There are 2 protein chains.
Amino acid sequence: MAKLPRLKKENLYEKVAEEIRDFIINNELKPGDRLPTERELVEQLGVSRSSVREGLRKLEILGILEVRPKEGITVKSQDIDVQPMVEKFTYRYKTNDVSFFELLEAREAIEEIIVKLAAQRANEEDLAEMRRWLNKMEEKFERGEYLASEDLKFHQAILAASKNAVLMEFGAILEEFFQETILAGSKASREQGPRRRTLEEHKELYESIKNKDAKRAIRVMRKHLEAIRDAVFQEDNGEDKVAEIEK
Amino acid sequence: MAKLPRLKKENLYEKVAEEIRDFIINNELKPGDRLPTERELVEQLGVSRSSVREGLRKLEILGILEVRPKEGITVKSQDIDVQPMVEKFTYRYKTNDVSFFELLEAREAIEEIIVKLAAQRANEEDLAEMRRWLNKMEEKFERGEYLASEDLKFHQAILAASKNAVLMEFGAILEEFFQETILAGSKASREQGPRRRTLEEHKELYESIKNKDAKRAIRVMRKHLEAIRDAVFQEDNGEDKVAEIEK
DNA sequence: TCGTTTATAAAGGTCTGACCATAATATAAG
DNA sequence: CTTATATTATGGTCAGACCTTTATAAACGA
């Protein structure tokens, strides 16, 4: 007989998390609003502090709450907390559960949609934000400094312009992942040649979005990501990643 | 002056989680493998049980570990744990941080990519799995029963056929979300008419993938999701969702 | 001998209460 | 009024106890 998976009973901390989450929803708490202190929650919910803390931990990891000493427990502003998911994918990447190829393929697919939407929906504000990071990149380039963080900010400005918080989150997860795991310490991000090329591509991307030219924006984005792919694949540690894909 | 966000110090439980995660990676533990017991971890890491437990909680929420009484702490098999992310989006949906429209738009975009890849990559096994759930749906339809769970399984078989674990995860999150939050209790899933239509669409989807006709598969998927959109929008509670989109 | 029932023990789950570290706040000093 | 100091409330951590469940072993009975 085929076996069914054993079900897991719900722990108390799950109920605590659920209760607090519903409390936020029902009372329409907004980002920054404060919740009762841990000890008050213990009293109100009638459970121990450990259970309350584990429940809070869950909501913190999901990016729903922020917990800090003296500040108390506050509702977190959304759309900026991709770290846990990035960690998850980093883990899955390192355990060979997902390949470099799958991650890049997913990123390419999602970025294409996003850049298309961005070209359709970007407003003045969005464009100004992109322009801002583009300028910073140029400055830094002149001074021969690293561009990584501005690069990321520029991409995130495009995400914001897509006006879709869901795709934005998925896109941000993958961008962060590549930034942290793949490109950190990559030759491509240090050498002058590729960096100039990156800068040019970003300018072109910006222009296409500004002109609402979705087709061109997609083309540029595709080229841009191909460049990343090539850069990584050419490096020493790129070898086993190629092997990974063949299987 | 613009204010910088206050940084948060890393808690001990974060370090515990990191340490255990690295332990899994370095020792190449596989799904099902057992880790030391909580008490042993306390001893080895030299921290209190609460810190260990909060660290384990994090890894459990990320879907890296499974923790159950008597069974101990085991490495979890991947690609099946979207629940926390579904909860997160449900929360964001209920707090009006993301709209129904954004969720559906994201789903449509991701499903299109997935179905395209599935049409290119589905093997016999994948097709058999789809066929299997299609058959179950037909049986149940004859008996006038609900199809929801088989519907979900069928879609998940398509996800698997895409051979991209990342897109698979994102797709699964959104499918689960719609299943749980939007379609549960929806008239559309109960009435005979729409259900027949759903069944036909799924058959067509299956045929397109089987024939490696990506173009047609995308077309059918698009039509299928439009049907969901219409069904939900026509319902009572669909009103405010329409309003939501206008803004 | 084999199956069933009953103990045992070990795992995570929960609780209690204490103390620690830190930063916001109140208070006192200049 | 500003600056230094003390207070205190907050989350963070610890220690140890007991609870609940269940895999396993032991005892029992057919």
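Reminder, nothing fancy here: chain letters follow the sequence lines and each chain counts from 1. Being a predicted model, the structure only gives us computed values, none of them experimental.
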Once you apply a heavy-atom cut-off of 4.0 Å, does A:Ser51 come out as touching a base, just sugar-phosphate, or nothing?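 Touches sugar-phosphate only.
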Salt bridge (Lys or Arg N to Asp or Glu O under 4.0 Å) for B:Glu138 and B:Arg131? Distances and angles first, verdict last. CA-CA 10 Å; B:Glu138 282 188 301; B:Arg131 186 71 248 175; 3.7 Å; yes
Round to the nearest Å and state the distance from [X] atom [atom1] to [N] atom [atom2].
X       : N      : atom1 : atom2 : value
A:Glu54 : D:dG12 : CD    : P     : 13 Å
A:Lys58 : C:dG13 : NZ    : P     : 14 Å
A:Glu66 : D:dT10 : CD    : P     : 18 Å
A:Asn11 : D:dT21 : CG    : C1'   : 12 Å
B:Tyr13 : D:dT13 : OH    : C1'   : 14 Å
A:Lys8  : D:dT22 : NZ    : C1'   : 15 Å
A:Leu56 : D:dT10 : CG    : P     : 14 Å
A:Leu12 : D:dC19 : CG    : C1'   : 13 Å

Sort and list the pairs that fulfil salt bridge (Lys or Arg N to Asp or Glu O under 4.0 Å) and have at least one residue in residues 9-20 of chain B, not counting sequence neighbours. B:Glu14-B:Lys58
Check the phosphate of [N] against [X], side-chain N and O only, distance under 4.0 Å to OP1 or OP2. Yes or no?
X       : N      : value
A:Arg53 : D:dT10 : no
A:Arg49 : C:dC15 : no
A:Ser48 : C:dT14 : no

Carboxylate-amine/guanidinium contact [X] [Y], below 4.0 Å:
X        : Y        : result
B:Arg57  : B:Glu60  : yes
B:Lys136 : B:Glu139 : no
A:Arg121 : A:Asp126 : no
B:Glu169 : A:Arg92  : yes

Looking at the side chain of A:Arg57, which of D:dC14, C:dC15, D:dG12 is the nearest nucleotide? D:dG12
Is the gap between the ring centers of B:Phe89 and B:Phe177 under 6.0 Å? no
Collect all protein-nucleotide pairs involving nucleotides 23-26 of chain C in which both atoms are nitrogen or oxygen and the distance is under 3.5 Å.
residue, atom, partner, partner atom, Å
C:dA23, OP1, B:Lys9, NZ, 3.4

Given A:Arg132 and A:Glu129, is the salt bridge (Lys or Arg N to Asp or Glu O under 4.0 Å) satisfied, shown in steps? CA-CA 5 Å; A:Arg132 185 178 157 215; A:Glu129 183 73 7; 3.5 Å; yes
Provide the closest heavy-atom pair for B:Asp81 versus B:Gly63 in the form atom of the first, atom of the second, distance.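 Of all heavy-atom pairs spanning B:Asp81 and B:Gly63, the closest is OD2-CA, 3.4 Å.
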I want to confirm an ordering. Mapping A:Ser50 and B:Ile73 to their closest nucleotides on DNA chain C, which one lands closer to the 5' end?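 Its nearest nucleotide lies further toward 5', so the answer is B:Ile73.
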Using a strict heavy-atom distance below 4.0 Å, which residues from residues 31-45 of chain B are in contact with DNA chain D? B:Arg39
